[in-house]
Amino acid sequence: MPSKPMSSQPMPSQLMSSQLNMSLPSRWLATAVLIVIAMAPLTAATQERTPERRVPSSANELRLSYAPVVRRAAPAVVNVYAAKTVVARNPLLDDPIFRRFFGMPGAPGGPGDQVQRSLGSGVLVDATGLVVTNNHVIEGADQVKVSLADKREFEAEMVLKDSRSDLAVLRIKAQNEHFPALEFADSDALEVGDVVLAIGNPFAVGQTVTHGIVSALARTEVGITDYQFFIQTDAAINPGNSGGALVDLSGRLVGVNTAIFSRSGGSQGIGFAIPANMVKVVVASARSGGSMVKRPWLGARLQAVTPEIAEGLGLKRPSGALIASVTPTSPAARAGLDTPHDELVIASPSPFQGARVSNLSPALADSLRLDPSAQGVVIVDIANGSPAQSLGFQRGDLVLSVNNAKIAKTRDLERVAGQQSRRWSITIVRGGQQVSVELRG
């Protein structure tokens, strides 16, 4: 069952002639050159021991409570009311002849319009009146009001909306007011099992506090936003909790409640919150006066390490992420990240037999004095006396295609080279020039 938001409502070059310097053995013939992761046994005494029962010795032993945390955090959690005017009219009313015939002069509009209202929650994150909530709570709203825990109501203006993270920032229209605000926690320090409280206005019953634990971290595939690293909690959250606070036992904001996983529409013990560290990025953009979120850019595409990839890389367990590609001149490239080299030696009988090849990375391209924006498979070494050496392949040759198959990574070349063929069509880049050659056995 997919997760859902908790709002209560509804991208012809000229071929250059060049000679590939090859000394061909007798079984090859160059026919054309074109441009390329005790208990000790219980004693009888231990087993027979019963829990100690006694009368509590002090009032403090009866007052194990989250009330101090709630007193600190609840005043900063608000209700967000959003109103949107929806035109739902008979199209005949837009016809001036129809209006004149039935005595309905004037421009269309007004009587048939409906006002849709939604209710969610929000969190004050700045004493000047800055409120963060979910974008789906206020999406398309013509008017937004904020109601504080002390029952005061204020109109609010939109500062920033970010649909990618499903976050929005509002500013309360009030002068000379000092509002209670929550301090951000470091959500990266959260651990599974940490106790958290969810504060919001579920089902429009009024401010409600529920408690639970962090049941999972970095949840993906939730299906609500582009942002895919949610905090999962079993604290009961329901429709209307959207935009409300998830706080730790110090009363600091660790996340903004966003979605529930439910078959019935109510809490089933699986809720999701946007981590505070992501919220901070959005709030910082709003504070700086920006109308859009400024996100850091790494410039590298990552992929999960699957069991198959882990086995191929010699890892004991499939964990972490693999750098699939790096954008030239990006921060990742400047920091020295490279795609995995995945070096291998072509052993199957083919023109490349004996060649050691590697996936090209910016660092390797630099060392071989190749175009840093180039992609593909590069020859890094050749065994003496091998067919690859006899055919004249050189260190630094960039293999683009073999037998009309694009060579994007070393495994591509290994696969194609393993296919028996009496005719080989090869395209490489050497010295900045593209060279194509056909070989026959």
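Owing to the predicted nature of the structure, the values given are computational and were not obtained by experimental measurement.
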Worked verdict on L253 versus V125 for side-chain contact (heavy atoms from CB on, under 4.5 Å): CA-CA 9 Å; L253 185 69; V125 292; 4.3 Å; yes
Side-chain touch Y66/H211, heavy atoms, less than 4.5 angstrom: yes
Taking every non-hydrogen atom, the tightest pair across L344 and T410: CD2-OG1, 3.7 Å
Derivation of the side-chain contact (heavy atoms from CB on, under 4.5 Å) call for R252 and F184: CA-CA 6 Å; R252 299 174 301 172; F184 284 108; over 6 Å; no
Pair N257-N241, side-chain donor/acceptor within less than 3.5 Å: no
Spacing of S121 atom OG and N201 atom CG [to the nearest 0.5 Å]: 5.5 Å
Separation of I407 CD1 from E414 CD (nearest 0.5 Å): 11.0 Å
Non-neighbouring partners of E139 that pass side-chain hydrogen bond (donor to acceptor under 3.5 Å, both in side chains), sequence neighbours left out: N135
Cationic N near anionic O, under 4.0 Å, E157 to K173: no
Gap between atom CD1 of I231 and atom OG1 of T258 - 0.5 Å precision: 9.5 Å
Given V131, L246, V132, the one that forms side chain to side chain contact (heavy atoms under 4.5 Å, CB included) with V123: V132
Result of checking D234, T233, V196, V195 against V214 for side chain to side chain contact (heavy atoms under 4.5 Å, CB included): V196
K280 NZ: over 12 foreign heavy atoms closer than 6.0 Å: yes
Contacts of E177 that satisfy side-chain hydrogen bond (donor to acceptor under 3.5 Å, both in side chains) - sequence neighbours left out: R152
Euclidean distance, I379 CD1 relative to L360 CG, rounded to 0.5 Å: 12.5 Å
Whether over 12 other heavy atoms sit under 6.0 Å from N404 CG: no
Expected output: side-chain T208 to main-chain G206 donor-acceptor under 3.5 Å: yes
Close side-chain approach of D194 to D248, heavy-atom, < 4.5 Å: no
D166 backbone acceptor or donor facing D162 side chain under 3.5 Å: no
Flag, side chain of N403 to backbone of S425, donor-acceptor distance under 3.5 Å: yes
CG on D412 to OG on S401, rounded to 0.5 Å: 11.5 Å
Worked verdict on I274 versus N134 for side-chain contact (heavy atoms from CB on, under 4.5 Å): CA-CA 10 Å; I274 301 172; N134 283 140; 4.2 Å; yes
Check against side-chain contact (heavy atoms from CB on, under 4.5 Å), V80 and I138: CA-CA 8 Å; V80 177; I138 52 80; 3.8 Å; yes
Spatial distance of atom OG1 (T133) from atom CG (L167) [nearest 0.5 Å]: 8.5 Å
Pairing of R287 and D126 as salt bridge, 4.0 angstrom limit: yes
Backbone N/O of I382 and side chain of R356: donor-acceptor pair under 3.5 Å: no
Q207 side chain to A74 backbone, donor-acceptor under 3.5 Å: yes
Parallel, tilted or perpendicular, as decided by the 30° and 60° cut-offs, for the rings of F230 and F272: perpendicular
